[in-house]
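Presented below is the structure to which this report refers.
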Amino acid sequence: RILKYVNCSHESYVFALVYMDRIIQRNPDFFICSLNIHRVLITSVMIAAKFYDDVYYNNSFYARVGGVSVKELNNLEVEFLFMINFSLYISAEEYERYRLELTSHSVQLSSSSSKQQAPASTIGNPH
C-alpha cells in the first residue's frame, strides 16, 4: 500500500530502513512487532521522504495511506525523531551499505520465490 500510493524515491526507502535500524539500535527496550510495524514503517517512510525528496505529501495523506489518524501520525513523527535523536543525515557509505544489503535480500527472495514456483509449472505435464 505504501509503495503504491506514496510515490517517494527509491532512496527514501533505504533512508527509512536506516531510520528504523537507528530506532532499534538506540532504544534497546523498543521492539518492532506485528502490532507496531505499520506505524513504524509509515512514520519512517514519511520522515525519509520529507528529508530526502524534493516533493512529498502532507501528514494527512501519509496518515490515510497508513490507516492512522493525523493526530496519531503527528505524535508518532515527533516520538520517532526523538528516538533517533533527530539523526536524519546518512553518509554515502552508510547509504550504500544499506542499499547493497537490501538489494541482496531482494535477490535472495526473488530466487527463493522462483525456485518454489518452478514445480508448479509442471503440473499437468506428464513428463
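With a 4.5 Å cut-off on side-chain heavy atoms, Y52 and I90 do not count as touching. Put simply, the side chain of C8 reaches to within 4.5 Å of the side chain of Y13, judged on heavy atoms. Taking the side chain as every heavy atom from C-beta outward, E72 and R39 approach each other to under 4.5 Å. Using a 4.5 Å heavy-atom cutoff, the side chains of N59 and K50 are in contact. Side-chain atoms of F80 and V40, non-hydrogen and from C-beta on, do get closer than 4.5 Å to each other. In this structure, the side chains of T43 and Y62 stay at 4.5 Å or more apart for every pair of heavy atoms.
Of the N and O atoms on the side chains of N75 and E79, not one donor lies less than 3.5 Å from an acceptor on the other residue. Between N58 and S60, the side chains place a donor N or O and an acceptor N or O closer than 3.5 Å (distance only, hydrogens not considered).
When all heavy atoms are compared, the tightest approach of A16 to A48 is N-CB, 3.7 Å. Of all non-hydrogen atoms in F61 and V6, the two that sit nearest each other are CE2-CA, 4.3 Å.
Under the 4.5 Å side-chain heavy-atom criterion for Ile, Leu, Val, Met, Phe, Trp and Tyr, F15 and L100 are members of distinct hydrophobic clusters. Under the 4.5 Å side-chain heavy-atom criterion for grouping Ile, Leu, Val, Met, Phe, Trp and Tyr, L41 is not connected to F31 through any hydrophobic cluster. In the hydrophobic clustering of this structure, M20 groups with L102; members are Ile, Leu, Val, Met, Phe, Trp, Tyr whose side-chain heavy atoms approach within less than 4.5 Å, directly or through other members. At a threshold of 4.5 Å between side-chain heavy atoms, the hydrophobic network of Ile, Leu, Val, Met, Phe, Trp and Tyr places V45 and V70 in two separate groups.
Distance check, rounded to the nearest 0.5 Å: OH of Y89 to CZ of F51 gives 8.5 Å. The NE2 atom of H38 sits 9.5 Å away from the CD1 atom of I2 when rounded to the nearest 0.5 Å. A distance of 10.5 Å separates CD1 of I47 from CD1 of I42, quoted to the nearest 0.5 Å. One finds the OG atom of S12 at 8.0 Å from the OH atom of Y19 (value rounded to the nearest 0.5 Å). Expressed to the nearest 0.5 Å, how far CD1 of I23 lies from CD1 of I32 amounts to 7.0 Å. Atom CG of L73 is separated from atom CE of M46 by 4.0 Å, given to the nearest 0.5 angstrom.
Counting heavy-atom neighbours within 6.0 Å of F86 CZ, excluding the residue itself, gives a total above 12.
Looking only at distances, a side-chain donor or acceptor of R1 sits under 3.5 Å from a matching main-chain atom of V65. At distances below 3.5 Å, at least one donor-acceptor pair connects side-chain atoms of T103 with backbone N or O atoms of R99.
One finds a salt bridge joining E94 and R22 here, because a Lys/Arg side-chain nitrogen approaches an Asp/Glu carboxylate oxygen to under 4.0 Å.
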